[in-house]
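From a predicted model like this one, the values you see are computed outputs, not experimental measurements. Atom set for the values below is all heavy atoms of this structure, side chains included, hydrogens, waters and symmetry mates excluded. In the text below, chain A, chain B and the rest are named by the order of the sequence lines, each starting its count at 1.
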Amino acid sequence: MQENLMSSDGKAQTVAPQEEINEDFLDEGGIGGNTRWYTDTVTGAELADYAPVKGCMVIRPYGYALWENIKKALDDMIKETGHSNAYFPLFIPESFLKKEAEHVEGFAPECAVVTHGGGKKLEEPLIVRPTSETIINYMFAKWVQSWRDLPLLINQWANVVRWEMRTRLFLRTAEFLWQEGHTAHATAEEAEDEARTMLECYRKLAEDWLALPVLTGEKTERERFAGAVRTYCIEAMMRDGKALQAGTSHFLGQNFAKAFEIKFQSQSGQLEFAWQTSWGVSTRLIGAVVLGHGDEKGLILPPRIAPIQVVIVPIYKSDAEKETVLSSARSLEQELAKAGIRTHLDDRDNYTPGYKFNHWELRGVPVRINIGPKDISNGVVEIARRDDKEKMRGVSREGLTETISNLLETVQKAIFERALKFREENTVKAQTYDELKSILKEKSVFVEVFWDGNSEDEGKIKDECKATIRCLPFALNQEGAPKGKCMYTGRETSRKAIFAKAY
RNA sequence: CGGGGCGUAGCGCAGCUUGGUAGCGCGUCCGUUUCGGGUGCGGAAGGCCGGAGGUUCAAAUCCUCUCGCCCCGACCA
C-alpha cells in the first residue's frame, strides 16, 4: 500500500487498514509468493469472506454480482447450444458413487457423508455430491429408452462439496458453486463433438468475457477426471506465471452408461449403451480473474463482467457546489444507465474523493469519471482507466455515453492483450529434462516440450520440479505437427506438452 | 495427517520474558473543518484478553488440557 507510513519504531502504520492490500505482488513470482496479496485483495474488495466453517467462504454481494454476470454469459451459451437446465438433489445414496470403479476411487476420500437424519441413524449413508454424474446417470437410465430420446442435453447450476485438505478463497473451497453439464448420445462421435463444443464455450467465456487467454487441450491420463475416457481443459496463466485450470470437459465413453445401464434401442433395433459427456466450470473463475488481471492496487475487472463498469466521483467544496455537482453527476449517471452501462454514483459525503479513488480501484471498477465544478463550467469530465491508470482530462460531456461505451470495449481488449502478451513472454521451450528443471527452478513459466513419457515419468517430474503437464495443447498437436525428441525419454514423437506449476 | 504461526474492541496489533484487573492505530458515533489522490481538530461509545482446569492474596501474563483459524507440505475444479 503506497500510503503506509513508517513510524519512529519502524513499524508500518496503516492509514486505512480495511482497504489495505499487499504490494509484494508480482515481484515474488515463486510458489505462494502472492498468497497474502490474493487473500487481502479478495477480502478487501469484498468479494468474499471467511465463513465459520473451515474451508468455507461467504460470497459477498460484490463477488456474487460478478458470479451472476459470468453465469449469465455462460448460461446463454449453454442454452444456445441446445441444453436445458434442471436440478438434481444434493444427497446421493452412497451406493451410487461406488458403481463406477474409477469414479469412486477418485472421489471417495473427499466426500462428506451424512449418517444421521431426523435424530436417527440412516440405513444407507448419503453422500453430499462432489459432482453429480452418479445421480444424474441413474435418472438418465430411466429416461432413455430409444434413440429418439437422444441426445439428452442437461445442465445444472449447483453447489458441490469436496473435503479439501488445503483451501483458498474461490480457488479451492470445501463448498463451491458451479455448473455441471451432463449429456447422453447415440454415438461416440456425437459425444466427442459435444465435449469439444462445450470446451469451445468455455474458451469463449474465458477469452471474450473474462479477458483471460487460455490454452485448450487434452489432459494426460494422470490428470484425467475419475471415470472419463478423455478430459479436455482450458488452462490460463496467472500473473505470477502459474497455471490455473479454468474449466474441464470430459468424454466419458460408455463408462457411466455401463455402470448405470443407460441403454437405448438404436435405429437398427440393437440395444446399445449411450455415449456420454460431462463438463463444468466453477466459482474458481473468479479466482482466475483476480489472479489473472490484478495489480498492486487490487482487482482489475473486465468491463463485460464487472458489476460496476463506471463509477462517478463527484468533487465539491461548498454546499452550493455540492448541489450543482451532484445534480450534474446524477443526470450523467442516468444517461449512462439508460445506455445499459452499469454505473454507480459514489455520493457518500463522509469520504473524500481521494479515498474514493482508492476504494474503487481496489474493487477493480474499469472506468472512473471525476466531475467537479471546473469541469461543469467547461462542459467536460475527467476519465480515469483502471487498467493502465491513464487519466484523460477535459473529456467533452457531449457524446460522453458513446465515449464511455467505446472506452469499455477498449479496456476489455486491452486487458486481454496484456494477459496474452504476459503469457507469451512467459512461455519457453525446453529440449531436455535438465533444461526444464533449471527453467522451473528460476521462475514460474509455461514450458513447451516434446513429450512421450508415461504417468510414472510425469509423477517423478512432479516430485522433482513441482510442475505438472497442464495439457497437450490442441494448437501444438495438429495433424502433421513436427517431430522431435521427447525431453524426458529421448524417443521421437510429435506430441507436445506444456509443463507448469499450477494452482 | 506432518511442520509453522495466530486467537486481546468491528478490523489490524501491543501488552505476556520480570503476574497487580487492559492499551495503540484504523474504523464507528457526535460536532466542526475539509473535499481535483486515503482531510485536520475536538469529544464519545465499544473488550467475561478463544474455552476449561490449575498455581497464586492476585492471571491476558505462569502451568496443563482443549477448541478454532491462517500459512507451508502430501490430494484436487
Side-chain angles (χ1 to χ4, degrees), chain A residues 1-5 7 9 11-20 31-33 35-36 38-40 43-44 49-56 105-111 130-131 160-180 202 219 222-226 231 233-235 244-250 278-288 297 313-319 321-322 325 348-362 368-375 381-382 384 389 391 393 462-463 466 468 502-503:
Chain A
M1 196 79 247
Q2 80 279 25
E3 293 297 328
N4 278 356
L5 310 170
S7 65
D9 61 349
K11 276 191 72 78
Q13 299 284 310
T14 308
V15 170
Q18 292 186 332
E19 298 281 313
E20 184 190 7
I31 305 171
T35 295
R36 179 75 192 280
Y38 179 77
T39 306
D40 286 352
T43 55
D49 202 353
Y50 288 101
V53 180
K54 186 185 174 121
C56 292
E105 201 179 311
F107 282 102
E110 50 185 300
C111 283
T131 177
V160 287
V161 169
R162 298 181 188 177
W163 217 258
E164 300 291 349
M165 308 278 183
R166 229 185 108 205
T167 57
R168 286 184 75 181
L169 298 171
F170 290 115
L171 297 174
R172 180 167 297 107
T173 44
E175 178 191 9
F176 57 93
L177 304 184
W178 76 346
Q179 142 292 303
E180 48 179 323
Y202 291 163
K219 285 290 187 190
R222 209 168 175 284
E223 303 273 322
R224 192 181 294 154
F225 174 74
T231 289
C233 63
I234 54 172
E235 290 281 331
L244 182 77
Q245 180 173 311
T248 52
S249 177
H250 316 289
S278 70
W279 27 274
V281 297
S282 71
T283 36
R284 173 181 254 199
L285 289 175
I286 293 173
K297 280 178 160 285
V313 176
I315 294 152
Y316 49 78
K317 287 196 178 90
S318 62
D319 278 356
E321 277 181 1
K322 180 176 171 181
V325 171
R348 294 176 295 178
D349 61 4
N350 52 337
Y351 291 104
T352 60
Y355 180 92
K356 293 175 183 177
F357 297 165
N358 288 283
H359 179 89
W360 295 110
E361 278 162 1
L362 170 56
R368 186 182 72 234
I369 299 176
N370 299 335
I371 179 164
K374 292 175 214 160
D375 300 312
V381 295
E382 180 179 284
K389 302 176 191 80
K391 263 188 188 174
R393 294 177 204 273
K462 187 182 177 184
D463 290 342
K466 307 273 180 225
T468 50
Y503 274 94

Under 4.0 Å from OP1 or OP2 of B:C75: is there any side-chain N or O of A:R166 that close? no

Ignoring the backbone of A:T39, work out which of B:G38, B:C71, B:G73 is nearest its side chain. B:C71

Does B:C49 have a Watson-Crick or wobble mate here (both distances under 3.5 Å), and if so which one? none

Taking atom C1' in both B:C16 and B:C62, what distance in whole Å separates the two? 9 Å

Among B:G38, B:C75, B:A74, find the nucleotide with the atom closest to the side chain of A:K466. B:A74

Would you say a side-chain N or O of A:K462 is under 4.0 Å from OP1 or OP2 of B:G73? no

Using a cut-off of 4.0 Å on non-hydrogen atoms, how would the nucleic acid contact of A:P373 be classed: base, sugar-phosphate, or nothing? base

Give one of base, sugar-phosphate or nothing for A:Q245, where a contact means two heavy atoms less than 4.0 Å apart. sugar-phosphate

Quick one: do A:R284 and A:Q245 satisfy side chain to side chain contact (heavy atoms under 4.5 Å, CB included)? Show the steps, please. CA-CA 9 Å; A:R284 173 181 254 199; A:Q245 180 173 311; 3.9 Å; yes

Partner of B:C62 by Watson-Crick or G-U wobble geometry, both contacts under 3.5 Å, or none? B:G54

Euclidean distance, atom OH of residue A:Y503 to atom P of B:C71 [Å, nearest integer]: 12 Å

Base, sugar-phosphate, or nothing for A:G372, non-hydrogen atoms under 4.0 angstrom? base

Answer with yes or no whether A:R393 presents, from its side chain, a donor or acceptor under 3.5 Å of a partner atom in the base of B:G36. no

With sequence neighbours excluded, tell me which residues meet side-chain hydrogen bond (donor to acceptor under 3.5 Å, both in side chains) with A:Q179. A:N155, A:Y202

Checking B:G73, B:G38, B:A77 against the side chain of A:R162 (C-beta onward), the nearest is B:A77

Can you find a donor-acceptor pair, distance only, under 3.5 Å between A:E361 side chain and B:G38 base? no

Going by the rule side-chain hydrogen bond (donor to acceptor under 3.5 Å, both in side chains), which residues pair with A:D349 if we only count those two or more places apart in sequence or in a different chain? A:K322

Short heteroatom pairs, N/O only, protein and nucleotides 33-35 of chain B, under 3.5 Å:
from, atom 1, to, atom 2, distance (Å)
B:C35, O2', A:Y316, O, 3.2
B:C35, N1, A:Y316, O, 3.2
B:C35, N4, A:K317, O, 2.8

Starting the side chain at C-beta, find the nucleotide from B:G37, B:C71, B:G36 nearest to A:F357. B:G37

Any residue meeting side-chain hydrogen bond (donor to acceptor under 3.5 Å, both in side chains) with A:N370, in chain and number order, not counting sequence neighbours: A:R368, A:E382

Taking a pair to mean Watson-Crick or G-U wobble geometry with both distances below 3.5 Å, B:C41 pairs with B:G31

In Watson-Crick or G-U wobble terms, with both distances under 3.5 Å, the base opposite B:C13 is B:G23

Of all residues at least two apart in sequence or in a different chain, which pass the side-chain hydrogen bond (donor to acceptor under 3.5 Å, both in side chains) check with A:S282? none

Counterpart residues, side-chain contact (heavy atoms from CB on, under 4.5 Å), relative to A:T173 (two or more places apart): A:M57, A:F176

Pair A:E235, A:K219 - check salt bridge (Lys or Arg N to Asp or Glu O under 4.0 Å), show working. CA-CA 10 Å; A:E235 290 281 331; A:K219 285 290 187 190; 2.7 Å; yes

Across every strand shown, the nucleotide meeting Watson-Crick or G-U wobble geometry with B:U18 (both distances under 3.5 Å) is none

Integer-rounded Å distance: B:G38 C1' and A:H359 NE2: 12 Å

Re B:G7: Watson-Crick or G-U wobble partner, both distances kept under 3.5 Å, found to be B:C67

In Å and rounded to the nearest 0.5 Å, what is the CZ to CG distance from A:F357 to A:L362? 15.5 Å

Find the partner of B:C75: check Watson-Crick (N1-N3 plus N6-O4 or O6-N4) and G-U wobble (N1-O2, O6-N3) distances, both under 3.5 Å, and reply none if neither fits. none

Of all the nucleotides listed (B:A77, B:C71, B:G37), which has the minimum atom distance to the side chain of A:R168? B:C71

